[in-house]
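A, B, ... follow the sequence lines: proteins, then strands. Residue 1 opens every chain. These values consider heavy atoms only, across backbone and side chains, with no hydrogens, waters or symmetry-generated copies.
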2 protein chains.
Amino acid sequence: MEERKVTSTNYENEQELLQCPVTYTLSIIGGRWKAAIIWQLSEGPVRFGTLRDRVGKVSDRILSKQLKELQEDGLVCRDAYPEVPPRVEYRLTEKGQSLEPVLEGILKWGLANRGA
Amino acid sequence: MEERKVTSTNYENEQELLQCPVTYTLSIIGGRWKAAIIWQLSEGPVRFGTLRDRVGKVSDRILSKQLKELQEDGLVCRDAYPEVPPRVEYRLTEKGQSLEPVLEGILKWGLANRGA
DNA sequence: TCCATCACTTACAAATTTGTTAGCGAGCCA
DNA sequence: TGGCTCGCTAACAAATTTGTAAGTGATGGA
């Protein structure tokens with residue numbers, strides 16, 4: 001994990017902002033590829049490479065990072081099988097699944113209001 | 001408005017990402033102070049300075065920028081009264097108000113899942 | 001005259017996010 | 001032996017976001 005500077009002018013703000021449940025939620029799903037990842041995983045477990053191909057133009061590094069954050073936030077689970085070449089599957093946790101209705105609300109609003 | 005480099009490696013991704021209604025919505029409400037701003041305005045019009053004091057530790061520049069983006073996205077309206085010193089009120093548009101149920105969904109999820 | 005008010009803006013600095021490129025390791029298979 | 005797969009990481013580069021500090025302009029009041 002890339003370390004975060006605690007002397008940051010942002011740091012204090014962030015602590016306070018995360019007190020707000022809305023900001024907390026947005027900080028979890030706000031990463032550039034996270035909604036797409038969750039969307040893909042909502043159908044069931046998906047392998048790393050498959051995810052990379054389906055999600056869009058993500059690089060390995062970025063996909064890896066977003067997945068790691070999703071794991072840390074408890075939305076996604078990683079299952080590694082000891083094979084060669086390695087096989088790793090990602091899937092939603094219960095917490096991750098509980099986000100789906102929220103994402104649907106966001107989706108519907110987007111559909112209704114984009115381009116207006 | 002600060003210009004955006006079109007040679008950016010990010011630019012192409014962004015165009016594609018905004019095709020997704022979820023990502024589109026998140027890009028609109030995802031700014032650091034935007035949820036808080038919308039929240040404040042949901043009660044009715046608020047002046048710039050009042051907003052700055054209520055929203056948290058925002059600086060003038062940042063609040064101004066977030067408000068401008070919210071206006072461009074059609075969520076917020078600006079009413080300026082020709083007085084001295086100037087008086088400017090911000091309020092939600094209909095489009096902005098239509099976000100409230102979505103934000104409530106986000107809020108409820110955050111309340112239920114923070115700290116779990 | 002001089003200062004205060006309010007909603008900004010300008011110039012600059014710092015942190016964060018996202019991206020590109022190249023490589024690794026273990027074992028299967030030709 | 002040598003190349004291949006797959007998930008991942010390291011080193012680096014670029015863009016974006018957020019922040020701080022210091023103005024500005026018109027006017028009313030001391």
Side-chain angles (χ1 to χ4, degrees), chain A residues 1-17 23 26-34 36-37 45-53 55-71 76 78-90, chain B residues 1-18 23 26-34 36-37 45-71 76 78-90:
Chain A
M1 245 337 76
E2 284 146 17
E3 283 291 341
R4 170 154 233 184
K5 310 232 166 107
V6 180
T7 50
S8 161
T9 47
N10 293 328
Y11 190 75
E12 285 177 34
N13 273 340
E14 232 182 288
Q15 298 301 351
E16 233 191 87
L17 277 162
T23 305
L26 291 177
S27 79
I28 284 184
I29 59 177
R32 178 168 280 184
W33 306 98
K34 285 183 185 169
I37 291 171
V46 184
R47 294 184 63 169
F48 184 87
T50 311
L51 207 47
R52 184 190 47 215
D53 297 341
V55 145
K57 293 179 187 164
V58 225
S59 61
D60 283 10
R61 167 166 146 66
I62 298 302
L63 179 59
S64 185
K65 202 172 173 253
Q66 305 258 318
L67 281 168
K68 199 166 285 177
E69 287 167 13
L70 288 169
Q71 284 173 74
V76 162
R78 193 187 100 116
D79 301 320
Y81 300 87
E83 306 170 0
V84 170
R87 180 162 64 98
V88 177
E89 286 184 353
Y90 291 92
Chain B
M1 243 340 75
E2 283 147 16
E3 283 293 341
R4 165 156 235 180
K5 308 231 167 109
V6 179
T7 51
S8 161
T9 47
N10 292 330
Y11 191 76
E12 285 176 35
N13 274 341
E14 234 183 288
Q15 299 301 352
E16 234 191 86
L17 277 162
L18 294 180
T23 305
L26 291 177
S27 79
I28 284 184
I29 59 177
R32 179 169 278 183
W33 306 98
K34 286 184 184 169
I37 291 171
V46 184
R47 295 185 63 171
F48 184 87
T50 312
L51 207 47
R52 184 191 48 217
D53 296 343
R54 285 193 193 154
V55 146
K57 292 179 189 165
V58 225
S59 60
D60 284 7
R61 165 167 146 67
I62 298 302
L63 179 59
S64 185
K65 199 169 175 259
Q66 306 257 317
L67 281 169
K68 199 166 286 177
E69 288 167 12
L70 288 170
Q71 285 173 74
V76 163
R78 192 188 102 115
D79 302 320
Y81 300 88
E83 306 170 359
V84 170
R87 180 163 63 98
V88 176
E89 285 185 355
Y90 291 91

Phosphate OP1/OP2 of D/dT9 contacted by A/Ser64 side-chain N/O (<4.0 Å): yes
Drop me the distance from B/Tyr90's OH to B/Leu51's CG, to the nearest 0.5 angstrom. 8.5 Å
Should B/Arg87 be listed as having a side-chain N or O under 4.0 Å from OP1 or OP2 of C/dC6? no
Answer whether the closest heavy-atom distance between the side chains of A/Phe48 and A/Leu63 falls below 4.5 Å. yes
Expressed as a whole number of angstroms, how long is the span from A/Ile62:CD1 to C/dT21:P? 13 Å
Nearest-0.5 Å distance, CZ of residue A/Arg61 to CD of residue A/Gln66: 10.5 Å
Short side-chain N/O contact from A/Gln66 to OP1 or OP2 of C/dT18, under 4.0 Å: yes
Looking at B/Arg32, I'd like to know whether one of its side-chain N or O atoms comes within less than 4.0 Å of OP1 or OP2 on D/dG19. yes
Taking the side chain as C-beta and beyond, is there a heavy-atom pair between B/Leu70 and B/Lys34 under 4.5 Å? yes
Send over the distance from A/Leu70 CG to C/dT17 P, rounded to a whole Å. 14 Å
Here the distance between atom C1' of C/dT16 and atom CD of A/Glu69, to the nearest Å, is 11 Å
Any side-chain heavy atom of A/Ile37 within less than 4.5 Å of one from A/Val46? no
Interatomic distance, B/Arg61 CZ vs D/dA22 C1' [rounded to whole Å]: 13 Å
For B/Arg52, which contact category applies under a 4.0 Å heavy-atom criterion: base, sugar-phosphate, or nothing? nothing
Quick one: A/Asp53 CG to D/dG7 C1', roughly how many Å, whole number? 13 Å
Looking for any heavy atom pair under 4.0 Å, which part of the strands does B/Tyr90 touch: base, sugar-phosphate only, or nothing? sugar-phosphate
d(CG, B/Asp60; C1', C/dT5) in whole Å: 13 Å
Closest-nucleotide 5' rank along DNA chain D - winner of A/Val84 and A/Leu67: A/Val84
A/Lys65 vs C/dG19: side-chain N/O to OP1/OP2 distance below 4.0 Å: no
Under-4.0 Å side-chain N/O to phosphate OP1/OP2 contact, B/Arg78 with C/dC8: yes
Quick one: B/Leu63 CG to C/dC6 C1', roughly how many Å, whole number? 13 Å
Integer-rounded Å distance: D/dA26 P and B/Tyr81 OH: 22 Å
